[in-house]
Amino acid sequence: MAALPLATAEVCDANPHLIMNGELRALHPIFQIYGRRQVFAGPIVTLKVYEDNVLIREFLEEKGHGRVLVVDGGGSMRCAILGGNPVQQAQNNGWAGIVVNGCIRDVDEINGCDIGVRALNSHPMKANKKGMGEKHVPVTIAGTRICDGEWLYADTDGILVSRTELTV
């Protein structure tokens, strides 16, 4: 189920019509790159939380099947909503990547994992554990509306979201 990693710049150059009609969108370049896998792609699963990581952990305990978890953490810079243990679990469960509109922690541990992680920054404080949030809902992060089931392509040039799986 995992998509072949495509060079995002080449995808943009080859698909101006998809960009014009909104089927292919680039996220604003606000994310830091973490994890050993700098290039990753896959179908998107969305999650919306705020300073709470219970639902993130629940998702990453499931088999990933090459999917990418996109977490709208509200852009909070007050705590980390993702740490090393869940990222290790995501790697072991076959997730392709995780994009967090918020902060992470345990950066050295995450950088040792064979998974792609993008986040706004790192923060040493941990998140709440109330289990609050919404699963499989449209989220808007980095200037882009992202829906469950769309496809994400990430490399060192940036992150693209497509309504459908892209091929070269």
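Any value given below was found using the heavy atoms of this structure, including those in side chains, with hydrogens, waters and symmetry copies removed.
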Participant: Please go through Leu47's hydrophobic cluster and name the other residues, only I, L, V, M, F, W, Y counting, with side-chain heavy atoms under 4.5 Å joining them.
Facilitator: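 The other cluster members (ILVMFWY side chains, heavy atoms under 4.5 Å, direct or chained) are Tyr34, Val45, Val49, Leu55, Ile56, Phe59, Leu60, Leu69, Val71, Ile81, Leu82, Val87, Trp95, Ile98, Val100, Ile104, Val107, Ile110, Ile115, Val117.
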Participant: Once rounded to the nearest 0.5 Å, what's the spacing between atom CZ of Phe40 and atom CZ of Arg67?
Facilitator: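 Here the interatomic distance stands at 14.5 Å.
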Participant: Taking salt bridge (charged side-chain N to carboxylate O under 4.0 Å, His left out) as the cut-off, I'd like each qualifying pair that reaches into residues 139-149, sequence neighbours left out, listed once.
Facilitator: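 Every pair satisfying salt bridge (charged side-chain N to carboxylate O under 4.0 Å, His left out) with a residue in residues 139-149: there are none.
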Participant: Only counting residues at least two apart or in another chain, list the ones meeting side-chain contact (heavy atoms from CB on, under 4.5 Å) with Met125.
Facilitator: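 Testing Met125 for side-chain contact (heavy atoms from CB on, under 4.5 Å), a comparison that skips the adjacent residues, returns Cys79, His123.
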Participant: Can you tell me how far CG of Asp155 sits from OG1 of Thr8, rounded to the nearest 0.5 angstrom?
Facilitator: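 Rounded to the nearest 0.5 Å, the OG1-CG separation comes out at 3.5 Å.
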Participant: Between atom CG of Asp106 and atom NZ of Lys126, what is the distance when rounded to the nearest 0.5 Å?
Facilitator: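 Reported value, rounded in 0.5 Å steps: 11.5 Å.
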Participant: Would you confirm whether Asn15, through its side chain, and His17, through its main-chain N or O, come within 3.5 Å as a donor-acceptor pair?
Facilitator: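 Looks like no, no N/O pair under 3.5 Å.
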Participant: CG of Asn93 to CD of Glu62: how many Å apart, nearest 0.5 Å?
Facilitator: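 Asn93 atom CG to Glu62 atom CD measures 9.0 Å (nearest 0.5 Å).
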Participant: Would you say Met77 has more than 12 foreign heavy atoms packed within less than 6.0 Å of its CE?
Facilitator: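 Enclosed.
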Participant: Enumerate the salt bridge (charged side-chain N to carboxylate O under 4.0 Å, His left out) contacts for residues 38-50, please, sequence neighbours excluded, ordered by first and then second residue.
Facilitator: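 For residues 38-50, and leaving out neighbouring residues, there are no salt bridge (charged side-chain N to carboxylate O under 4.0 Å, His left out) pairs at all.
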Participant: With His28, which residues qualify under side-chain hydrogen bond (donor to acceptor under 3.5 Å, both in side chains), at least two apart?
Facilitator: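 Expected list: none.
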Participant: With side chain to side chain contact (heavy atoms under 4.5 Å, CB included) as the test, pick out the partner of Val99 among Val161, Ile44, Leu152, Thr46.
Facilitator: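 Between Val99 and the candidates, side chain to side chain contact (heavy atoms under 4.5 Å, CB included) is satisfied uniquely by Leu152.
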Participant: Not counting sequence neighbours, which residues clear side-chain contact (heavy atoms from CB on, under 4.5 Å) with Thr144? List them please.
Facilitator: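 Once residues adjacent in sequence are excluded, the partners of Thr144 under the side-chain contact (heavy atoms from CB on, under 4.5 Å) criterion are Arg25, Leu27, Ile146.
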Participant: Please go through Tyr50's hydrophobic cluster and name the other residues, only I, L, V, M, F, W, Y counting, with side-chain heavy atoms under 4.5 Å joining them.
Facilitator: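 Answer for Tyr50: none, a lone residue.
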Participant: Holding to salt bridge (charged side-chain N to carboxylate O under 4.0 Å, His left out), I want the full list of residues that pass it with Asp114, two or more places apart in sequence or in another chain.
Facilitator: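 Scan of Asp114 (salt bridge (charged side-chain N to carboxylate O under 4.0 Å, His left out), adjacent residues dropped) gives Arg37.
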Participant: List in chain and number order the residues that pass salt bridge (charged side-chain N to carboxylate O under 4.0 Å, His left out) with Arg163, two or more places apart in sequence or in another chain; answer none if no residue qualifies.
Facilitator: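 In terms of salt bridge (charged side-chain N to carboxylate O under 4.0 Å, His left out), with neighbours along the sequence ignored, Arg163 is linked to no residue.
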Participant: Nearest 0.5 angstrom please: Leu120 CG to Phe31 CZ, how far?
Facilitator: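 Spacing of CG (Leu120) from CZ (Phe31) equals 5.5 Å.
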Participant: Quick check: closest heavy atoms across Tyr153 and Leu6, and the distance to 0.1 Å?
Facilitator: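 Answer, listing the atom of Tyr153 first, then Leu6: CE2-CD1, 3.9 Å.
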Participant: So Trp151 and Leu166, do their side chains get closer than 4.5 Å, heavy atoms only?
Facilitator: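 No, too far: nothing below the 4.5 Å cut-off.
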Participant: Using every non-hydrogen atom in the two residues, find where Ile33 and Gln38 come nearest and quote the distance to one decimal.
Facilitator: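 Between these two residues, the closest heavy atoms are CG2-CG, 4.2 Å.
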Participant: Would you list the pairs meeting side-chain hydrogen bond (donor to acceptor under 3.5 Å, both in side chains) in which at least one residue belongs to residues 73-92, sequence neighbours left out?
Facilitator: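 Only Glu51-Ser76, Glu51-Arg78 qualify under side-chain hydrogen bond (donor to acceptor under 3.5 Å, both in side chains).
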Participant: Using salt bridge (charged side-chain N to carboxylate O under 4.0 Å, His left out) as the criterion, list what pairs up with Glu58, not counting sequence neighbours.
Facilitator: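 For Glu58, the residues satisfying salt bridge (charged side-chain N to carboxylate O under 4.0 Å, His left out) (neighbours in sequence not counted) are Lys135.
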Participant: Minimum heavy-atom separation for Asp52 and Lys130, please, with both atom names.
Facilitator: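 Minimum heavy-atom contact is OD2-N, 2.8 Å.
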Participant: Would you name the heavy atoms of Pro138 and Cys147 that are closest together and state the gap between them?
Facilitator: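 So the minimum-distance heavy-atom pair works out to CB-SG, 4.0 Å.
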Participant: What pairs with Arg105 under salt bridge (charged side-chain N to carboxylate O under 4.0 Å, His left out), at least two apart in sequence or on another chain?
Facilitator: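 Partners of Arg105 by the salt bridge (charged side-chain N to carboxylate O under 4.0 Å, His left out) criterion come out as none, since no residue qualifies.
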